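None of the values given here were measured: they were computed from a predicted structure. So that the names make sense, note that chain A is the first sequence line, chain B the second, and so on, each numbered from 1.
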Amino acid sequence: MADRGTDRVKRGMAEMQKGGVIMDVVNAEQAKIAEEAGAVAVMALERVPADIRAAGGVARMADPTIVEEVMNAVSIPVMAKARIGHIVEARLLESLGADYIDESEVLTPADEVYHLDKSEYTVPFVCGARDLGEALRRVGEGASMLRTKGEPGTGNIVEAVRHMRMVQSELKKIAGMSKDELMTEAKNLGAPYELLLGIKETGKLPVVNFAAGGIATPADAALMMQLGADGVFVGSGIFKSEHPDKYAKAVVEATTHYQDYELIARLSRGLGTAMQGLEMSTLAPSERMQDRSM
Amino acid sequence: MVTIGVLALQGAVQEHVKSLQAPDVETVIVKRTDQLDALDGLVFPGGESTTMRRLVNKYGFYEPLREFAAAGKPILGTCAGLILMAERIAQEPQGHLQLMDIDVQRNAFGRQRESFETTLVVKDVAKDMEAVFIRAPLISSTGDDVEVLSSFNGEIVAARENHLLACSFHPELTDDTRFHQYFVQMVRESKETAPEHTAVT
């Protein structure tokens, strides 16, 4: 007898990615560069977030041809993004054999009220969160992995830092609460009470939590690890830099050895120009992807 | 007292540390080659084998790990760890560390949607071992000195060759620590019966 799509199988897949870097790629060639550099997985997309931001309009799931092209090019797991609440995009990606689906605010939400019931799928899901309430709502819906939302496609780490610090400080707060405070806290956070009970016991989230949204340099990746991330997603940072292959390798190493500053200094030398960054105050409210569907 | 390291280049490290717990076991998270000397046994965790292999090369672990195995010190590999240990890998020109006389096939059960959990009989360990398989490899054939410990649907998923122990599944993801404790016992016996190990540095 074999049970597929159980919590252990879905969450365990994310456990195996810990300490690693997941890279956005738009074709087979980039996927191979990512795999060669030591990425633990790739995210197959039609456009990286910086280009989605620049193009404007409605951003949708990638063309299945791209997802299949990337799946055929590498042996590491392949993830793909579906629009928030888009049941058919998610089922379609599952049927293609994507190894993980990112129900992602980088794409234009299909449903502004409801997220997917991710517990119903065999394929595991990762979702973004800016705080603990959001994180636990997503886990309650069946997400097997979390990531910070950050502000994708900006090359600016400030929002990812804010979100990681927020989740970490709220975790500590819950761990220090007495049991009789938890129900009111669950109400305030808008989070399932049972998940708060679990956090009080273990002091940590029930699933892996990666950093994402604005990571542009090896030092950024190491910073997020130091703040408690289990690993990092790098979106536009790598293939929008001057030398993607060198850049990709440097980010992988900085993530593994995030406390070895001499090494990170060496890695950061002569990498060429990083992606052009965006300052948050220049973004109009409508351009802030992180505020989509909370 | 035995000291067991968990190779921490990438993957699920803490879960192994937890499963190895015993009153006489000290665990070490291994990120540098100079940490290997103090160890009596070592675990290669699950993760992405291609990523781990690149980091093994990058940080000069390749020869030190082969020497560690050649010195007769026990090694446990789970999933990606098993792939690192195998002599031969299907569809690849050669194995990685080539420690164990087995052929492995990567992602043998399919993609993530085909990943599963089941209950296994594991010789000398348990008759009802909960086993989580994630994009798991399998052992397609074994050398003469390799003992098959467990099979699933006729495919080999756990094996031992003297001081080397490997499995396709993830015993570290369940609360069942019997597979790890079997390994801990291998480390204890190795340390007792081979005092010359202390001379190998």
Side-chain angles (χ1 to χ4, degrees), chain A residues 1-22 32 34-42 71 74-79 93-101 121-125 144 204 208 230-231 248-249 252-253 255-260 263 267, chain B residues 7-16 18 29 31-32 45-59 78-81 83 89-92 106-107 109-120 130-137 152-153 169-176:
Chain A
M1 204 193 66
D3 294 325
R4 289 179 180 165
T6 63
D7 274 351
R8 280 203 296 215
V9 166
K10 295 200 284 188
R11 292 177 180 185
M13 159 74 192
E15 299 285 343
M16 297 311 135
Q17 306 265 298
K18 281 196 296 193
V21 181
I22 300 169
K32 282 184 183 144
E35 183 176 48
E36 185 59 34
V40 290
V42 289
M71 286 189 340
V74 294
S75 67
I76 54 178
V78 176
M79 302 188 172
L93 290 170
E94 181 179 52
S95 77
L96 287 178
D99 295 301
Y100 235 94
I101 296 176
Y121 293 70
T122 305
V123 65
F125 280 83
S144 307
K204 56 189 190 109
V208 163
D230 291 312
K249 284 181 185 147
V252 168
E253 280 187 58
T255 303
T256 309
H257 293 277
Y258 60 89
Q259 286 173 314
D260 187 341
L263 175 82
L267 295 171
Chain B
L7 187 65
L9 295 173
Q10 188 271 316
V13 174
Q14 283 304 333
E15 290 71 10
H16 279 288
K18 211 175 72 198
I29 290 173
K31 288 201 169 206
R32 299 185 319 272
E48 283 304 319
S49 63
T50 46
T51 307
M52 281 189 209
R53 170 58 199 273
R54 285 190 172 85
L55 294 169
V56 159
N57 284 11
K58 186 87 199 173
Y59 298 108
T78 65
C79 194
I83 297 170
I89 304 170
Q91 273 132 40
E92 290 190 21
R106 295 182 58 206
N107 299 335
F109 297 91
R111 302 195 73 93
Q112 172 60 22
R113 64 179 174 191
E114 277 88 40
S115 295
F116 61 96
E117 59 179 85
T118 190
T119 307
L120 294 176
E130 288 175 51
V132 181
F133 290 80
I134 296 172
R135 288 168 47 88
F152 174 73
N153 287 352
F169 50 92
H170 292 282
E172 75 279 13
L173 290 182
T174 68
D175 295 329
D176 187 342

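Atom CZ of B:Arg111 sits about 4.0 Å away from atom CG of A:Asp99, to the nearest 0.5 Å. Note: B:Gln112 CD to A:Ile101 CD1 = 11.0 Å, rounded to the nearest 0.5 Å. Interatomic distance, B:Glu117 CD to A:Thr6 OG1, rounded to the nearest 0.5 Å: 3.5 Å.
Here the side chain of B:Arg113 pairs no donor or acceptor atom with the backbone of A:Tyr121 at under 3.5 angstrom. With hydrogens and angles ignored, the 3.5 Å screen pairs a side-chain donor or acceptor of B:Arg54 with a backbone N or O of A:Glu36. Between the side chain of B:Lys31 and the backbone N or O of A:Thr256, at least one donor-acceptor pair lies under 3.5 Å.
Heavy-atom distances place the side chain of B:Arg135, and not its backbone, under 4.5 Å from chain A. Contacts of B:Ser49 with chain A are absent, with no heavy-atom separation under 4.5 Å from either backbone or side chain. A:Glu94 touches chain B through its backbone: at least one of N, CA, C or O sits under 4.5 Å from a heavy atom, while the side chain does not. If you measure heavy-atom distances from B:Glu172 to chain A, the contacts under 4.5 Å come from the side chain alone. Looking at A:Val123, neither its backbone nor its side chain comes within 4.5 Å of chain B, counting heavy atoms on both sides. Interface remark: B:Gln91 contributes no atoms to any contact with chain A (heavy atom separation under 4.5 Å). With a threshold of 4.5 angstrom between heavy atoms, B:Arg53 does not approach chain A through any atom at all. At a 4.5 Å heavy-atom cutoff, A:Val21 makes no contact with chain B through either its backbone or its side chain. Heavy atoms of A:Ala39 lying under 4.5 Å from chain B belong exclusively to its backbone. Residue A:Ser75 touches chain B through both its backbone and its side chain, counting heavy-atom pairs closer than 4.5 Å. Only the side chain of B:Thr50 comes within contact range of chain A, with at least one heavy atom under 4.5 Å from a heavy atom of that chain.
For the set B:Thr118, B:Val13, B:Asn153, B:Asn107, the count of heavy-atom pairs under 4.5 angstrom toward chain A peaks at B:Thr118. When each of A:Ala37, A:Gly38, A:Gly19 is scored by its heavy-atom pairs under 4.5 Å with chain B, the top score falls to A:Gly38. The greatest number of non-hydrogen atom pairs below 4.5 Å with chain B, out of A:Ala98, A:Ala2, A:Pro77, is found for A:Pro77. The greatest number of non-hydrogen atom pairs below 4.5 Å with chain B, out of A:Pro124, A:Gly20, A:Gly97, is found for A:Gly97.
For the pair A:Val252/B:Gln10, no side-chain contact is recorded, criterion being any heavy-atom separation below 4.5 Å from C-beta on.
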Applying side-chain contact (heavy atoms from CB on, under 4.5 Å), run through B:Leu173 and A:Met16 and close with a yes or a no.
CA-CA 10 Å; B:Leu173 290 182; A:Met16 297 311 135; 3.8 Å; yes
Steps toward side-chain contact (heavy atoms from CB on, under 4.5 Å) verdict (B:Ile134, A:Arg8):
CA-CA 9 Å; B:Ile134 296 172; A:Arg8 280 203 296 215; over 6 Å; no
What verdict does the side-chain contact (heavy atoms from CB on, under 4.5 Å) test give for B:Lys58 and A:His257, after you've listed the backbone C-alpha separation in whole Å, the side-chain angles of each residue and the deciding distance to 0.1 Å?
CA-CA 12 Å; B:Lys58 186 87 199 173; A:His257 293 277; over 6 Å; no
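Of all the heavy atoms in A:Val9 and B:Phe116, the pair that sits closest is CG2-C, 3.4 Å.
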